[in-house]
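Just so we're clear, the structure is a prediction, and the values are computed from it rather than from any experiment. Heavy-atom basis, side chains included; hydrogens, waters and symmetry copies ignored.
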Amino acid sequence: MPKLRVLIVDDSVVIRRLVSDIITADPDLEVAGVAANGRIALDRIPQVNPDIITLDVEMPEMDGLQMLRELRKTYPRLPVIMFSTLTERGGAITLEALSLGASDYVAKPANVGRVGEGMARVRDDLIPKIKALCGRASVLRSKPAAPPISRLPIARPIVRTAPGRVEILAIGTSTGGPNALADLLPGLPGDFPVPVVIVQHMPPVFTRLLADRLSAKTALEVAEGGAGEELRPGKIWIAPGNYHMGLEKTGKGSRIRLNQEPPENSCRPAVDSLFRSVVEVYGAGTLGVILTGMGQDGFRGCEYIREAGGQILVQDEDSSVVWGMPGFVARAGLADKELPLNQIAGEIVRRVWECRAKPAGLKGGERVSFRG
């Protein structure tokens, strides 16, 4: 199998060398070329024919955002991984880069003086994303022999019954999630009758910025989840970076709880943690949705939903940036329906109103996307 070819775009000679060393150390990858700014990179793409690009933001002559705008005119599907700083400004720029068509991001090493420690973190984050976005990861295209053995006591075949009344919508997503959420959430009407809780794999600061950005584009209020907040219909909460978000019962309903227990599936927040908690409170009233993302976070959570009698929707492979998370759930036979992204909001609305008196003239909001 030919090696995946990576074009490295960064104005720092030190970073170009460090990333090159990471790439060449992996037997599946090779450096197709390097470029010191976006303009040079655009000229180099037809010469070196990369499978994927790593892209810095701040560069002379043509920065990363300007390059993305130009790149997508000619190469709409070429994967791009941004190097981001984990700061407020870095988070805002990263979300803008995703809106312009970047596929994912990794944290740039903050202190290149501590080479070994910093580059180990970059390697562990970057290499799996390169392989997943290029379809080389085994969970993407090949059919696994079986899903991982569950820790849940499933002692009988799953029996699907008629769907009951949906009381909460729980969504899990990762790679490609910000754009997927920006496409989906505006399809929920302003009088959506149940609360919405979301895990998007992102670091601190980024999740708050994402919530603010989505809130400006939807009919519903979107906020980062805060400990002790009471859930109410028609509001959307996103789990804050570096915290697991869960729910607990109250006298009137439920409220958010946060914790920093160990990561699950190498993630904190984790979809499995949220879904487990939602099922403990809402049981069969849970509607779970798994959107695009790497890995298998959400798989065991969906087992909980299915065992409780809840409902599950997953994004289909063609519309996913990476079909890891939804793919595991779909292949295990846990999903009620597998749908393209542009049909999921409509299906959610239909299922939520199925056991309710639907108001006359109910319509979803206009669809908008981070893609410009």
Taking it one step at a time, do Arg276 and Glu264 satisfy salt bridge (charged side-chain N to carboxylate O under 4.0 Å, His left out)? CA-CA 12 Å; Arg276 261 197 326 269; Glu264 297 185 29; 2.7 Å; yes
Side chain proximity check, Arg356 to Pro193, heavy atoms < 4.5 angstrom: yes
Trp323 side chain to Gln315 backbone, donor-acceptor under 3.5 Å: yes
Keeping the roles fixed (side chain from Thr292, backbone from Thr175), state whether a donor-acceptor pair exists under 3.5 Å. yes
Do you know which of Glu347, Arg351, Arg306 makes side chain to side chain donor-acceptor pair (under 3.5 Å) with Gln311? Arg351
Closest non-hydrogen contact found for Tyr105 with Lys129 is O-NZ, 2.8 Å
Between Leu231 and Ile168, is any pair of side-chain heavy atoms under 4.5 Å apart? yes
State whether Tyr282 and Lys249 meet the cation-pi test: NZ (Lys) or CZ (Arg) under 6.0 Å from the six-membered ring centroid, and within 45° of the perpendicular axis. no
Tightest non-hydrogen contact, residues Val279 and Thr286, listed as CA-OG1, 4.1 Å
Following the transitive rule for hydrophobic clusters with a side-chain heavy-atom cut-off under 4.5 Å over Ile, Leu, Val, Met, Phe, Trp and Tyr, establish whether Ile40 and Met67 coincide in one cluster. no
Taking every heavy atom of Ala308 against every heavy atom of Gly283, the minimum-distance pair comes out as CB-C, 3.9 Å
Decide yes or no on salt bridge (charged side-chain N to carboxylate O under 4.0 Å, His left out) for Glu354 and Arg165, but give the supporting numbers first. CA-CA 7 Å; Glu354 203 162 37; Arg165 179 182 168 105; over 6 Å; no
Heavy-atom side-chain proximity of Asp10 to Lys108 below 4.5 angstrom: yes
Determine the minimum heavy-atom distance between Lys3 and Pro27, stating which atoms define it. CE-O, 3.2 Å
Mind checking whether Val9 and Val34 have side chains closer than 4.5 Å, heavy atoms only? no
Glu58 side, atom CD; Ser12 side, atom OG - distance, nearest 0.5 Å: 12.0 Å
Could you tell me whether the side chain of Leu29 reaches within less than 4.5 Å of the side chain of Thr24, counting heavy atoms only? no
So for atom CZ, which belongs to Arg350, do other residues, nucleotides or ligands contribute more than 12 heavy atoms lying within a distance under 6.0 Å? yes
At their closest point, which heavy atom of Pro50 faces which heavy atom of Ile53, and how far apart are they? CG-CG1, 4.4 Å
Under 3.5 Å, is there a donor on one side chain and an acceptor on the other for Thr207 and Glu224? yes
Heavy-atom distance under 4.5 Å between the side chains of Phe192 and Leu169, does that happen here? yes
Min side-chain heavy-atom separation Phe275-Ile290 under 4.5 Å: yes
Taking atom CZ of Arg17 as the centre, does the number of heavy atoms from other residues, nucleotides or ligands within less than 6.0 Å exceed 12? no
Of the non-hydrogen atoms in Ile52 and Val80, which two are nearest, and what is the gap between them? CG1-N, 4.5 Å
Is there side-chain contact between Val196 and Ile171, with at least one heavy-atom pair below 4.5 Å? yes
